[in-house]
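Numbers here simply count residues along the sequence, with the first being 1. Computed from a predicted model, the values in this text were never measured in an experiment. Atoms within a ligand are numbered from 1 in the order they appear, just like the ligands themselves.
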Amino acid sequence: MRILSVVGARPQFVKLAPIARAMEGRAEHIIVHTGQHYDELMSDVFFQDLDIPAPDYNLGVGSGKHGEQTGTMLAGLEGVFERAKPDVVLVYGDTNSTLAAALAAVKMHIPVAHLEAGLRSFNRRMPEEHNRVLTDHAADLLLSPTQVGMDHLANEGLAERALLVGDVMTDVLFRVREQLSAANEPLPSGLDAGGYYVCTIHRPDNTDDPARLKAIVDSLAALNKPVLLLAHPRLKALAESHGINLAAGSLVLSEPLAYPQLVNAVANSAGVVTDSGGLQKEAFLLRVPCTTIRPETEWVETVQLGWNVLVNDDLGRLAGAVERPAPGPTDAAPYGDGHAAVRTIDALLDTFASVQPIQ
Ligand code: UD1
């Protein structure tokens, strides 16, 4: 069977790693990179560090407005699907690359499987919310990481197409953590284990309004420990254009880290402050307290279990939240057992192996 994966943005490369590995010897795997992320630190390093095979196709679409970017991908993917003739297209997460690939495939009557299905923020200001809802309703097989995701799919009438497989980010995190403990990876220079926070901020709702961005940066700069700020290109560009200093006070400005170095930095930190979805979960899996600068989260389990606190408009609460002590230990595993990728491939083979290939 020929399975075609479409990825384009940083978190999708992380999810692709365990899938590509689990696919070896079981199905033919074609990898398409849309080119949504293109900087070396946003793309290439993930393929290198996580041993992901080089993409078979790269559309090189680059950055752009949502419609323009998604439309360019849609057009490019149609041509790729015509040439590659996949039996199923596998799409990941909730980016513009996800939606473009799902739409291109359904319009060509190619079955679509959605990995990380069923997540909802119920916040329609988020581009990811439209992307994931539309992708779930277009797809033929919905592979959900959590029971909460399964419940959302059932509420939307999609239960029959849904399957709980666990979270592939758990798979990759566990593997990298093992490799790190063997390699004794050093921390970013100047930081001591347990003596700093790790921070990422990249969502438009936090970066695009200069007053909000300044308020967030000021609150971070006043924290009681160094804050390793891993700056997404969007954050750097906007801070520069608004004259906001990303190295003020406690802030230690850094380029984004490659995945193993990120896991190492988080594992050794006193806490995480973020608006990223993946990092909230990674902090939980590494049992590091997280503070999320958003009004809501899709990863509700992290909040329910006490490892994640949401702070949005009331930034005066940020220091108290970030500097809080870690909660008591838990062995809860809402994100699976580290074998989600194998379950995903099993499900793809079970569901689509007998489907007639398109001509
Ligand atoms: C995208 C995803 C988001 C995901 C995030 C991970 C959408 C709608 N959003 O957001 O869900 O959490 O990726 O990072 O798909 N840029 C570069 N170099 C790059 C990539 C981006 O300089 O390699 C800059 C460009 O100025 C670009 C901006 O970052 O316009 C935003 O990139 P884009 O891919 O549109 O969205 P993200 O914010 O990265």
Side-chain angles (χ1 to χ4, degrees), residues 6-17 32-48 55 58-74 76-77 91-104 114-117 119-121 123-136 145 169 172 198-209 213 229-242 246 254-259 262 272 274-283 292-294 296-299:
V6 179
V7 291
R10 185 168 54 171
Q12 293 170 322
F13 310 139
V14 177
K15 291 165 201 162
L16 172 62
V32 182
H33 189 326
T34 62
Q36 178 171 351
H37 285 176
Y38 44 85
D39 285 353
E40 188 174 352
L41 287 175
M42 301 286 285
S43 174
D44 301 6
V45 292
F46 290 86
F47 284 81
Q48 287 151 21
N58 191 326
L59 301 178
V61 298
S63 303
K65 291 184 191 164
H66 285 273
E68 179 193 7
Q69 186 184 55
T70 312
T72 309
M73 290 175 193
L74 186 56
L77 287 167
V91 301
Y92 299 68
D94 53 22
T95 72
N96 290 344
S97 298
T98 316
L99 177 62
L103 202 50
H114 183 203
L115 188 67
E116 210 178 75
L119 294 187
R120 298 290 181 266
S121 66
N123 176 354
R124 290 176 62 85
R125 284 187 53 80
M126 289 177 69
E128 293 83 0
E129 186 71 359
H130 317 140
N131 289 343
R132 54 171 88 104
V133 169
L134 292 166
T135 300
D136 279 340
M169 287 190 78
V172 66
V198 172
C199 177
T200 73
I201 299 291
H202 77 284
R203 289 197 181 278
D205 270 357
N206 285 334
T207 56
D208 293 6
D209 169 13
L213 180 57
L229 177 62
L230 308 174
H232 185 288
R234 172 209 291 286
L235 173 65
K236 266 193 15 198
L238 288 165
E240 209 171 285
S241 71
H242 302 319
L246 294 180
S254 162
E255 295 289 330
L257 292 178
Y259 189 74
L262 173 76
V272 164
T274 191
D275 59 6
S276 145
L279 204 49
Q280 294 171 50
K281 247 182 326 170
E282 282 149 359
T292 299
I293 305 185
R294 277 185 50 193
E296 74 285 300
T297 178
E298 300 76 14
W299 306 106

**Request:** Any pair with a residue in residues 7-16 that passes side chain to side chain donor-acceptor pair (under 3.5 Å), sequence neighbours left out, goes on the list, sorted by first then second residue, please.
**Result:**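 Qualifying pairs: Gln12-Thr95, Gln12-Thr98, Lys15-Glu116.
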**Request:** Look at the side chain of Arg132 and the backbone N and O of Asp94, then say whether any donor-acceptor pair between them is shorter than 3.5 Å.
**Result:**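 No; zero donor-acceptor contacts below 3.5 Å.
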**Message:** Treating Glu68 as the side-chain partner and Lys65 as the backbone partner, does any N or O pair qualify as donor plus acceptor under 3.5 Å?
**Reply:**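 Side chain of Glu68 to backbone of Lys65: a pair is present.
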**Item:** Check ion pair Glu296-Arg120 (N to O, under 4.0 angstrom)
**Value:**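 Salt bridge between Glu296 and Arg120, a charged N being under 4.0 Å from a carboxylate O: no.
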**Prompt:** Taking only residues two or more places apart in sequence or in another chain, which ones pass salt bridge (charged side-chain N to carboxylate O under 4.0 Å, His left out) with Asp205?
**Reply:**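 If we apply the salt bridge (charged side-chain N to carboxylate O under 4.0 Å, His left out) test to Asp205, skipping adjacent residues, the hits are Arg125.
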**Item:** Residues in side chain to side chain contact (heavy atoms under 4.5 Å, CB included) contact with Ser43, at least two apart in sequence or another chain
**Value:**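 Partners of Ser43 under the side chain to side chain contact (heavy atoms under 4.5 Å, CB included) test: Phe13, His33, Phe47.
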**Request:** Report all protein residues having a heavy-atom distance below 4.0 Å to some atom of ligand 1; order the list by chain, then number.
**Result:**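 Residues Ala9, Arg10, Pro11, Gln36, His37, Tyr38, Asp39, Met42, Ser63, His66, Gln69, Asp94, Thr95, Asn96, Pro127, Glu128, His202, His232, Pro233, Arg234 each place a heavy atom under 4.0 Å from ligand 1, listed by chain and number.
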